[in-house]
Structures are given as C-alpha cells and as structure tokens.
Asker: 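Here's a structure for you.
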Amino acid sequence: MMEHSVIFPDHRKVCALGQGTWKMGKSALREADEIDALRAGIELGMSVVDTAEMYGNEEMVGAAIRGLRDRVFLVTKVLPGNASRTGTKEACERSLNRLKTDYVDLFLLHWGGPHPIEDTVASMVELQQEGKIKAWGVSNMDVPEMERFYAVPGGASCAANQILYNLAHRGVEYDLLPWCRERHLPVMAYSPADEGRLSRNPVLMGICWMRLFRPRSARCIWIPGKP
C-alpha cells in the first residue's frame with residue numbers, strides 16, 4: 001500500500017488510499033459490520049480514516065480505531081458555523097471526546113462559512129501548538145478561497161485541501177490542482193468513485209475487463225465506494 005503514498009508538509013507519510021466514513025453510522029444494524037470494515041482497511045494499510053462532526057459518526061469511528069490508534073492517520077472536520085475564534089477549539093474538544101483520542105492528525109474546516117478566516121486559522125494554529133491536532137487544513141476550497149487563506153497570518157501552514165474529484169468531476173484540474181501542486185499542498189479527493197456511480201459506467205467497465213483479461217497486462221483494480 002505504501003508504494004503509493006502522500007507526504008505532508010510536516011514530512012509525515014501516509015498511504016494514498018484512505019477510508020471515508022460519510023453515510024456510515026446511520027444504522028445500528030450495520031454498525032458492527034462498518035467497524036469491522038474500517039478495521040480491516042487499517043490492517044491492510046489504509047491508515048487514513050476520514051470523518052467529520054457533520055457525519056454524526058465520530059463515536060463509531062472511535063470504536064473502530066480503538067487499539068489501533070497508533071496506526072491511524074485520523075481526519076475530522078469542523079462545521080463552518082462552529083469555526084469561530086472560540087468555537088473551533090470547542091468543536092475540536094467535542095470531536096476528541098467522541099473519538100476517544102487525545103489528538104487528531106488533520107483537522108479541517110469543512111467549507112467556507114460566516115466567521116472570519118483569520119479567527120479560524122488562529123484557532124487552528126493554537127490547537128496545533130497545544131498538541132490537540134497535528135496539522136490543519138480545509139475542504140471544498142477553490143483557488144480564490146485558498147489565496148485568501150494564504151494571505152492571513154498562519155494561513156500558509158494549511159496542510160491539505162479536501163475536494164470533490166473523480167473522473168466525472170474534473171474541473172479542479174484546470175486551476176486548483178496546479179495551484180496546490182506549485183505549493184506542494186496535498187489534495188485529498190473525496191468520492192473518487194463518484195459514490196459508486198463510476199462502477200456502473202460502461203466505458204470504464206469495458207476498460208477494466210479488457211485490461212483484466214489481456215495477457216501479461218497490468219490488472220485494473222476496481223474499488224467501488226468512497227475511500
């Protein structure tokens with residue numbers, strides 16, 4: 001797994017394929033299976049586990065990583081409405097309590113909101129200094145928003161931007177990906193299989209089958225769902 005990896009600005013190295021948990025934790029009947037699935041992924045080397053306070057499943061994620069915390073790169077997110085100067089830190093404390101951990105590896109602002117970004121960034125930097133988070137970043141930010149973040153004190157310490165990116169949604173290739181690449185800013189793609197819809201694309205399926213059965217060709221590894 002680590003043959004395909006991402007290096008963060010603080011030199012931490014993680015597997016490029018992670019596990020998302022959006023829409024998990026909605027059914028008590030499925031919870032045990034979901035926990036088992038996350039734990040199996042961690043055992044296979046998919047150390048990144050991504051959640052958010054909005055998902056309402058941080059307790060379930062905390063149960064899944066119990067006993068495996070040192071092998072997990074844990075990501076969670078603060079809702080924009082909570083990302084004020086004091087609210088960001090309070091939201092982080094609540095997430096830590098639900099996740100049953102002392103720190104998160106990456107704490108993201110889920111999307112732009114009503115509070116001044118200077119206040120959000122200042123709180124993120126303080127949380128980092130306090131050891132509550134190892135790094136902070138943003139999600140769903142385009143180039144103008146990223147430039148505003150980089151312009152405020154501490155904003156250039158942003159460690160990642162998590163965005164929608166897959167074969168059906170490629171607009172970020174024109175400006176955002178080059179902008180991040182120039183600054184060595186890691187990009188996290190959510191819904192890389194378009195929530196499973198790409199698994200039903202006849203062209204992609206034809207390519208996979210063609211490569212699968214072509215002699216001495218590279219295998220097409222098809223992983224449905226959202227990592």
Side-chain angles (χ1 to χ4, degrees), residues 1-22 41 45-52 72-78 80 83 88 104-113 117-118 120-125 127-128 133-195 197-198 201 203-204 207 211 218 220-227:
M1 282 284 187
M2 290 299 283
E3 293 177 4
H4 302 284
S5 59
V6 174
I7 300 176
F8 279 82
D10 60 4
H11 307 298
R12 286 183 296 169
K13 184 178 180 181
V14 299
C15 177
L17 182 62
Q19 301 184 88
T21 63
W22 186 40
M46 292 188 288
S47 59
V48 177
V49 177
D50 178 89
T51 183
V72 171
F73 187 93
L74 184 59
V75 184
T76 193
K77 311 175 193 73
V78 55
T88 301
V104 294
D105 294 279
L106 183 62
F107 193 43
L108 305 178
L109 173 62
H110 211 147
W111 62 86
I117 58 175
E118 294 87 348
T120 305
V121 171
S123 294
M124 292 288 196
V125 171
L127 285 166
Q128 195 171 11
I133 65 175
K134 297 294 184 182
W136 69 274
V138 296
S139 182
N140 300 301
M141 301 292 179
D142 58 19
V143 170
E145 290 173 309
M146 292 304 303
E147 289 179 341
R148 286 196 290 272
F149 268 92
Y150 266 57
V152 305
S157 64
C158 176
N161 186 8
Q162 185 180 116
I163 57 173
L164 174 65
Y165 181 42
N166 56 53
L167 289 176
H169 300 85
R170 300 177 61 183
V172 296
E173 293 177 359
Y174 294 101
D175 53 1
L176 182 59
L177 289 188
W179 190 95
C180 292
R181 190 179 298 116
E182 288 175 5
R183 291 156 182 79
H184 306 287
L185 181 68
V187 171
M188 301 175 67
Y190 67 79
S191 297
D194 202 17
E195 299 183 43
R197 284 183 284 269
L198 290 178
N201 184 290
V203 175
L204 291 178
I207 293 171
R211 292 182 64 84
C220 177
I221 301 174
W222 170 47
I223 304 174
K226 177 188 174 186

Asker: Where do Asp10 and Arg12 come nearest, in terms of heavy atoms and distance?
Answerer: OD2-NE, 2.8 Å

Asker: When you measure from the side chain of Asn161 to the backbone of Met141, do you find a donor-acceptor pair of N or O atoms at a distance under 3.5 Å?
Answerer: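 Yes; at least one donor-acceptor contact below 3.5 Å.
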
Asker: Compare every heavy atom of Ala159 with every heavy atom of Pro186, then report the nearest pair and how far apart it is.
Answerer: CD-O, 3.2 Å

Asker: So, taking the atom named NE2 in His11 and the one named NZ in Lys13, what distance separates them when rounded to the nearest 0.5 Å?
Answerer: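 The NE2 atom of His11 sits 13.5 Å away from the NZ atom of Lys13.
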
Asker: Using modelled atom types only, decide if a donor and an acceptor are shared between the side chain of Ser139 and the backbone of Gln162 within a distance under 3.5 Å.
Answerer: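 Present.
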
Asker: Compare every heavy atom of Pro144 with every heavy atom of Asp142, then report the nearest pair and how far apart it is.
Answerer: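 That closest heavy-atom pairing would be OD1-CD, 3.3 Å.
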
Asker: Please check if the side chain of Ser47 supplies one atom and the backbone of Val14 the other of a donor-acceptor pair under 3.5 Å.
Answerer: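 Pair absent, no side-chain N/O of Ser47 close to backbone of Val14.
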
Asker: To the nearest 0.5 Å, tell me how far Phe107 CZ sits from Leu127 CG.
Answerer: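 If I round to the nearest 0.5 Å, the distance is 6.5 Å.
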
Asker: With rounding to the nearest 0.5 angstrom, report the CG to CD distance, Leu176 to Glu173.
Answerer: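 Result: 11.0 Å between the selected atoms.
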
Asker: Does NZ or CZ of Arg181 lie under 6.0 Å from the centre of the six-membered ring of Trp179, at an angle within 45° of the ring axis?
Answerer: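 Relative to the ring axis of Trp179, which defines the angle, Arg181 lies outside at least one limit.
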
Asker: After noting the C-alpha distance and the side-chain angles of Val48 and Leu106, does the key distance pass the side-chain contact (heavy atoms from CB on, under 4.5 Å) rule?
Answerer: CA-CA 10 Å; Val48 177; Leu106 183 62; over 6 Å; no

Asker: Does a side-chain heavy-atom distance below 4.5 Å link Asn166 with Leu164?
Answerer: yes

Asker: Does any N or O in the side chain of Gln128 come within less than 3.5 Å of the main-chain N or O of Lys134, such that one atom is a donor and the other an acceptor?
Answerer: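 Answer holds: yes.
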
Asker: Measuring from atom SG of Cys15 to atom CE of Met46, what distance do you get when rounded to the nearest 0.5 angstrom?
Answerer: 7.5 Å

Asker: Any side-chain to backbone donor/acceptor pair from Asp105 onto Val75? Under 3.5 Å, distance only.
Answerer: no

Asker: For the aromatic rings, using the six-membered ring if either is Trp, is the centroid distance between Tyr165 and Tyr190 under 6.0 Å?
Answerer: no

Asker: Of all the heavy-atom pairs spanning Ser123 and Thr88, show the shortest one and how long it is.
Answerer: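 The pair with the smallest heavy-atom distance is CB-CB, 3.6 Å.
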
Asker: Phe149 vs Trp136 aromatic rings, parallel, tilted or perpendicular, using cut-offs 30° and 60°?
Answerer: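 Answer is tilted, since the angle falls between 30° and 60°.
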
Asker: Which distance, rounded to the nearest 0.5 Å, do you find between the CG of Leu108 and the CE of Met124?
Answerer: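 Nearest 0.5 Å value for the CG-CE distance: 7.0 Å.
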
Asker: Are the side chain of Lys77 and the backbone N or O of Thr51 linked by a donor-acceptor pair below 3.5 Å?
Answerer: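 Side chain of Lys77 to backbone of Thr51: a pair is present.
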
Asker: Mind checking the CG-OG1 spacing from Asp50 to Thr21? Nearest 0.5 Å is all I need.
Answerer: 6.0 Å

Asker: Of all the heavy-atom pairs spanning Gly155 and Val121, show the shortest one and how long it is.
Answerer: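 Residues Gly155 and Val121, closest heavy atoms: N-CG1, 3.8 Å.
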
Asker: Do you know the tightest heavy-atom contact between Leu185 and Cys158?
Answerer: CD1-O, 3.2 Å

